[in-house]
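Proteins come first, then strands; the chains are lettered A, B, ... in the order of their sequence lines, and each starts at number 1.
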Protein chains: 2
Amino acid sequence: MGAAKETLGEEQPWAEVSPDAARRLLIAAVDAFAERGYHATTTRDIAGRAGMSPAALYIHYKTKEELLHRISRLGHDKALAILRSAADGEGTAADRLSAAVRSFVRWHAGHHTTARVVQYELDALSAEHRTEIVALRRLSDAAVREIINDGVRAGEFDVPDVPGTTLAVLSLCIDVARWFDVGGRRTPDEVGALYADLVLRMVGAAPERAQR
Amino acid sequence: MGAAKETLGEEQPWAEVSPDAARRLLIAAVDAFAERGYHATTTRDIAGRAGMSPAALYIHYKTKEELLHRISRLGHDKALAILRSAADGEGTAADRLSAAVRSFVRWHAGHHTTARVVQYELDALSAEHRTEIVALRRLSDAAVREIINDGVRAGEFDVPDVPGTTLAVLSLCIDVARWFDVGGRRTPDEVGALYADLVLRMVGAAPERAQR
DNA sequence: CCTGAAGGTGAGCAAGCGCTTAGGCAAGTG
DNA sequence: CACTTGCCTAAGCGCTTGCTCACCTTCAGG
């Protein structure tokens, strides 16, 4: 399915950020924020990682917070696109929920530095930027809730508390960014598969392999 | 002061911290760290919330990091005690897993300010303190894994990947501290009940509709 | 009464912070 | 050529940070 867009998964991250110096600064900021947190990161550190002087940062970004906002915005856009692509796909609700969780988790594990900044540094955003981002998060919530509602309507799922289960599913996936370790034994693909199975259990979908 | 009654009939939190001024400072630090994060909190802010001058902090604590360490240590001790109390209880593995999740989640929701600091400010600890805390976390992991293993051995659970599922269960519970909102519609008890049900589904325990 | 310990304060230091400014250099355009 | 434009740096400004220090107050024991 979607053979023409097959290569999009391998695209260069942050390709939409230009010019080159701005992208280098943004990547350096992602690394630094993920490693130490936004407030513990200095603008000198970011510029240093990008191989530039501290003042260079302010040519491409108005403030340190604008850098965080750009990262958060792009990351949330990407995360939402992943969820929607799965939600709008073909197949049963179980198929779509499984695909959504698998790809969402794979992204959080594979891009865990970015995801960590995106998911855990919201408080550092300005009030306006935060409300903008929170709106995006509600759309993610709606995408997942829609799949679950479809499954319930179709009789595939058994979910007593749809909003609560939606919250739990998203929370479970998001928290992958906190604990995922590149040096660990699990690959992003493996975690995605494990989590897809766990989530299908949470919604009471009939197990595919054997009935019990 | 403003922080509502978190005790739920239990004893006064932080009762083990003395003298009184040290406890007031610690409670102020918990509030400030939870609200703004460790690095964004100033020692002046902590002292101010406790109604004291900035210098007073250093009579009771050597550094700002020692304050965080004390909070983190006490919080992890409490969380581990909750898990172990449920793990060592009576009943089937499903009963014990359900009880563990319910009380663990209830604590994370009811004491979400403390839990937020405990779970999300580990990186701000010094290297030595962090390894001490990480050891405690491994014990929590072991407590949950033991219950799940018991259930698998007894034929109560169907869990293909025990370490992975253990990780997911703990991750799910911990993340409650991130999103729980006092102003929200759910009480800590309700979230605990919902999550206990979800976790039983994750381990493939036979649904006990009568049980709640 | 005096004395010393315990617990507090006001003032402030050295370091580090986010961010600004003045200016340099290379490339493109009339 | 002169001039603008884009990108970058060295220097540093004004402020805040974690933390210290000289000093004050309270109070129990002799």
So if I take every side-chain heavy atom of A/Tyr58 and compare against C/dG18, D/dC19, D/dT9, which nucleotide ends up nearest?
C/dG18

From CZ of A/Arg24 over to C1' of D/dC7, roughly how many Å is that when rounded to an integer?
11 Å

In whole Å, I'd like the distance from the CE atom of A/Met52 to the P atom of C/dG24.
20 Å

Suppose we call a contact any N or O donor and acceptor under 3.5 Å apart; does that hold for the side chain of A/Arg44 and the base of C/dG16?
no

Presence of A/Thr43 side-chain N/O under 4.0 Å of C/dG18 phosphate oxygens OP1/OP2:
yes

Would you say B/His39 places a side-chain N or O within less than 4.0 Å of OP1 or OP2 belonging to D/dT17?
no

Which is true for A/Thr42 with a 4.0 Å heavy-atom rule: it touches a base, it touches only sugar-phosphate, or it touches nothing?
sugar-phosphate

May I ask you to evaluate whether B/His60 reaches the phosphate of C/dG8, defined as a side-chain N or O under 4.0 Å from OP1 or OP2?
yes

Round to the nearest Å and state the distance from B/Leu68 atom CG to D/dG18 atom C1'.
15 Å

Between A/Lys62 and A/Ala40, whichever has its closest DNA chain C nucleotide further toward 5' is A/Ala40

Atom NZ of A/Lys64 and atom C1' of C/dC17: how far apart are they, to the nearest Å?
8 Å

Using 30° and 60° as the class boundaries, would you call the ring planes of B/His129 and B/His69 parallel, tilted or perpendicular?
parallel

Using the side-chain heavy atoms of A/Thr63, tell me which of these nucleotides is nearest: C/dC19, D/dA10, C/dG8.
C/dC19

Rounded to whole Å, the CG-C1' distance (B/Leu57 to C/dG10) equals 16 Å

Per A/Ala55 side chain, nearest of listed nucleotides D/dT9, C/dT9, C/dC19:
D/dT9

Verify the distance criterion only: is there a donor paired with an acceptor across the side chains of B/Asp95 and B/Ser98 at less than 3.5 Å?
no

Just the rounded figure in Å: distance from C1' of C/dC19 to OH of A/Tyr61.
17 Å

Donor-acceptor under 3.5 Å (A/Arg102 side chain, A/Ala193 main chain):
no

What's the CG-C1' distance between B/Asp45 and D/dC19, to the nearest Å?
16 Å

Less than 4.0 Å between a side-chain N and a carboxylate O, is that true for A/Arg49 and A/Glu35?
yes

Which whole-number value in Å describes the distance from A/Ile59 CD1 to C/dA22 P?
15 Å

Do B/Leu170 and B/Arg137 have side-chain heavy atoms sitting under 4.5 Å apart?
no

